[in-house]
A.B. asks: 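Below is the structure I would like to discuss, written out as C-alpha cells.
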Amino acid sequence: MHTTNEHEWITESRHFTSEGLITYERCGCGARRIVTDLVMSALTIAECDSLR
C-alpha cells in the first residue's frame with residue numbers, strides 16, 4: 001500500500017526583499033517551508049547600448 005503525504009500549505013507571512021519575494025508557509029501537520037521567488041535583474045536597453 002502506497003500513501004502520500006500531501007501538505008496543505010498556509011501562508012504565514014510574505015516579504016519583499018532586495019532579491020525578490022520570500023514567503024513563509026506552514027502545514028497543519030507542523031511542517032514549515034520557505035518559498036522564494038527571486039528577481040532576475042535585466043539590463044535596460046540604455047545599459048546594453050553602453051556596453052558596446
A.B. asks: So which heavy atom on R33 is nearest to which on W9, and how close?
C.D. replies: NH2-CD1, 3.0 Å
A.B. asks: Would a 4.5 Å heavy-atom cut-off, applied to side chains only, mark L21 and R14 as touching?
C.D. replies: yes
A.B. asks: Any side-chain heavy-atom pair from V35 and E25 closer than 4.5 angstrom?
C.D. replies: yes
A.B. asks: CZ of F16 to CG of D37: how many Å apart, nearest 0.5 Å?
C.D. replies: 8.5 Å
A.B. asks: Tell me yes or no: between the side chains of H15 and T17, is some donor less than 3.5 Å from an acceptor?
C.D. replies: no
A.B. asks: What distance do C27 atom SG and E6 atom CD have between them, rounded to the nearest 0.5 Å?
C.D. replies: 10.5 Å
A.B. asks: Report the distance from atom CD of E12 to atom OG1 of T23, rounding to the nearest 0.5 Å.
C.D. replies: 11.0 Å
